[in-house]
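Before any comments, here is the structure.
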Number of protein chains: 2
Amino acid sequence: MGKIRDIDRSSFEPAYIQLVNILRDQIASGEFRPGQRLPSEAQLCQRYQVSPMTVRRAINILIDRGLVSTAQGRGTFVKPIELSTVVFGLDEFTGIFTKNADTKVRLLEVRIVKSDEEIAKRLAIDVSDRAILIRRLILKENEPTIYHKEYLVYDPTRPIVEGEMEVTALYGLFTGTGETALKRGELAIEVTVLDEKEANLLKAPPMLPAFRLEHIFYDFDDRPASWGTFLCRGDRLRFTTTVGLSVNTDEKDIRI
Amino acid sequence: MGKIRDIDRSSFEPAYIQLVNILRDQIASGEFRPGQRLPSEAQLCQRYQVSPMTVRRAINILIDRGLVSTAQGRGTFVKPIELSTVVFGLDEFTGIFTKNADTKVRLLEVRIVKSDEEIAKRLAIDVSDRAILIRRLILKENEPTIYHKEYLVYDPTRPIVEGEMEVTALYGLFTGTGETALKRGELAIEVTVLDEKEANLLKAPPMLPAFRLEHIFYDFDDRPASWGTFLCRGDRLRFTTTVGLSVNTDEKDIRI
DNA sequence: AAGTGGTCTAGACCACTAT
DNA sequence: TAGTGGTCTAGACCACTTT
């Protein structure tokens with residue numbers, strides 16, 4: 001059935017990548033079924049005329065991708081698909097910012113506020129300490145799609161304030177080109193329905209279901225720097241992913 | 001500031017893991033800031049008395065984790081955090097099945113139905129071909145939490161039917177121990193609100209926002225075998241994740 | 001004892017970038 | 001030209017599992 005492939009030493013593709021793709025194809029074609037053992041690493045060295053380190057590297061990549069698992073002294077085994085390994089990216093969400101240039105960020109409000117109890121708690125400051133409130137509307141093809149509300153710690157000595165004030169500051173976060181003052185973030189996704197005010201801003205019917213993406217970002221001193229939420233119309237967003245051997249990779253093979 | 005660590009050759013932890021943790025800590029502490037260059041691989045070999053392959057392996061892990069990026073001929077650089085790299089696991093969702101043993105699956109209905117247009121389309125069969133409808137209610141601590149509705153291709157020659165009919169068949173999918181006849185799956189997450197019937201089943205108020213997790217699973221011949229949706233009360237589910245250097249890993253270090 | 005995965009070495013050679 | 005990352009070798013030694 002599947003024609004036997006060798007590793008092409010003249011290819012621009014590294015040997016370990018070629019080996020990953022060969023093994024992946026053998027799993028995808030059903031030649032190696034879930035639960036079955038792969039040839040031992042020594043056998044793969046022999047068969048494909050590569051060194052143990054090269055085989056090992058290929059196997060490690062297959063482990064990373066959840067296709068196989070190894071057991072010392074026993075062998076390498078094909079894994080059945082498993083829902084608990086599934087991950088969803090924010091591609092569909094961040095794509096709104098980056099894909100087309102047809103995305104506009106409209107600054108609705110920038111204001112200094114006295115923090116209430118919740119703001120103080122999230123930003124680890126004292127109640128009635130000052131914070132900066134920023135409200136933005138993100139438009140996709142001139143249609144309001146995401147409403148963003150964010151509180152920033154007000155501290156002139158901390159550089160993040162300057163950067164975040166700009167309307168385009170969001171862009172860096174999404175593309176990884178901008179903000180370097182943030183060390184880490186915590187994110188959560190919930191479902192909600194739009195209240196009247198939110199629906200108004202998003203030109204949507206009230207009670208429309210929506211995604212709520214909450215975020216807290218911390219600086220390198222582990223102090224909260226920003227707390228806020230993105231509110232995204234549920235009818236304009238849908239997160240998708242695959243588990244197991246996605247059919248797309250059959251053509252393109254994996255990238256380095 | 002940060003005390004200088006060496007690699008402990010007597011440790012049970014491999015050298016490359018120790019090196020990953022050392023570099024990770026240096027990034028987390030701000031010793032290496034986003035945009036800055038790390039010491040060259042040759043320097044790291046010298047400094048930590050390990051071979052180039054070991055350094056390379058550590059760097060590759062840091063790349064995987066999104067902490068650094070490399071540029072041939074230029075060096076290795078600390079990456080700023082980036083929202084487009086964020087991934088959400090289904091841990092909070094699958095945890096309902098696996099965490100406690102206090103989860104029950106109640107089979108509401110198993111019935112053979114003639115497929116309508118939508119079912120036929122999803123399962124790649126002809127309209128009015130037979131399909132198996134399974135409806136389940138998943139209870140967490142005796143509270144109905146998830147409603148699952150699934151259509152299976154009806155084909156006695158295909159083994160999946162047998163396996164899926166069992167009430168506990170879901171368990172394997174979540175833990176990766178069970179079904180070996182499935183090659184891949186496509187998943188999507190949407191928001192919705194419960195209609196009256198769904199609310200009734202979940203003992204929830206109608207119009208409650210909810211997550212809708214749709215799935216199609218394919219067999220090794222790339223034919224759809226199952227199409228269905230999980231409906232999960234929005235007030236009982238919240239997906240969380242982190243970006244950048246999560247504070248938890250500081251204590252535990254990374255696993256192998 | 002034999003076979004398996006897991007780590008590690010001390011180099012080699014290549015491609016690319018900066019100077 | 002010198003420095004950087006990237007791949008690869010041909011072994012070695014170890015820990016573990018199976019027979």
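We name chains A, B, ... by the order of the sequence lines, and we start the count at 1 in each one. Since this is a predicted model, take the numbers as computed values, not measurements.
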Report summary line: Checking C:dT9, C:dT7, D:dT9 against the side chain of A:S51 (C-beta onward), the nearest is D:dT9
Report task. Measure the shortest side-chain to side-chain distance between B:F32 and B:L38 over non-hydrogen atoms and say whether it is less than 4.5 angstrom. Result -> yes
Query raised in the report: When the distance from CZ of B:F77 to P of C:dC16 is rounded to whole Å, what number comes out?
Result: 17 Å
Report task. Would you mind reading off the distance between B:L19 atom CG and C:dT7 atom P, rounded to a whole angstrom? Result -> 14 Å
Query raised in the report: Is there a donor-acceptor contact under 3.5 Å linking the side chains of B:R24 and B:N21?
Result: yes
Requested in this report: With DNA chain C as reference, determine whether B:R9 or A:T76 sits nearer its 5' end, using the nearest nucleotide of each.
Outcome: A:T76
Requested in this report: Could you check which of D:dG5, C:dG5, D:dT9 has an atom nearest any side-chain atom of A:E41?
Outcome: C:dG5
Query raised in the report: Under 4.0 Å between a side-chain N/O of A:S40 and OP1 or OP2 of C:dG3, yes or no?
Result: no
**Report entry** Among C:dT7, D:dG5, C:dG11, the one nearest B:T70 by side-chain distance
**Finding:** D:dG5
**Report entry** Along DNA chain D (nearest heavy atom to each residue), the more 5'-positioned of A:G73 and A:P52
**Finding:** A:P52
**Report entry** Length of the line joining B:I59:CD1 and D:dG5:P, which is rounded to integer Å
**Finding:** 7 Å
Query raised in the report: Closer than 4.0 Å, any side-chain N/O of A:R57 to the OP1 or OP2 of D:dT7?
Result: yes
Report summary line: Whole-Å distance, A:I17 CD1 to D:dT7 P, equals 7 Å
Report task. Starting from P on C:dT17, measure out to CZ on B:R74 and report it in whole angstrom. Result -> 8 Å
Report summary line: Taking C:dT4, C:dG5, D:dT4 as options, the one with an atom nearest any side-chain atom of A:R37 is C:dT4
Requested in this report: Please state how far atom CD in B:Q72 lies from atom C1' in D:dT4, giving the value in whole angstrom units.
Outcome: 8 Å
Query raised in the report: How far apart are the C-alpha atoms of A:E186 and B:T242, what are their side-chain angles, what is the distance that settles it, and do they pass the side-chain hydrogen bond (donor to acceptor under 3.5 Å, both in side chains) test?
Result: CA-CA 4 Å; A:E186 293 166 0; B:T242 61; over 6 Å; no
Report task. Verify ring-ring contact (aromatic ring centres under 6.0 Å, His included) between B:F211 and B:F93, making sure each step is shown before the conclusion. Result -> CA-CA 10 Å; B:F211 284 103; B:F93 183 77; 8.9 Å; no
Query raised in the report: Is there a side-chain polar atom (N or O) of B:Y16 under 4.0 Å from OP1 or OP2 of C:dC8?
Result: no
Query raised in the report: Looking at OG of A:S69 and CD1 of A:I63, how far apart are the two atoms once the value is rounded to the nearest 0.5 Å?
Result: 7.5 Å
Query raised in the report: Among D:dG5, D:dC8, C:dC8, which nucleotide sits nearest the side chain of A:M53?
Result: C:dC8
Query raised in the report: Could you give the CD-to-C1' distance, from B:Q46 to C:dA10, as a whole number of Å?
Result: 13 Å
Query raised in the report: Please give, in whole Å, the distance from D:dG5 P to B:Q43 CD?
Result: 8 Å
Requested in this report: Between B:T54 and A:L38, just flag the one whose closest nucleotide in DNA chain C comes earlier from the 5' side.
Outcome: A:L38
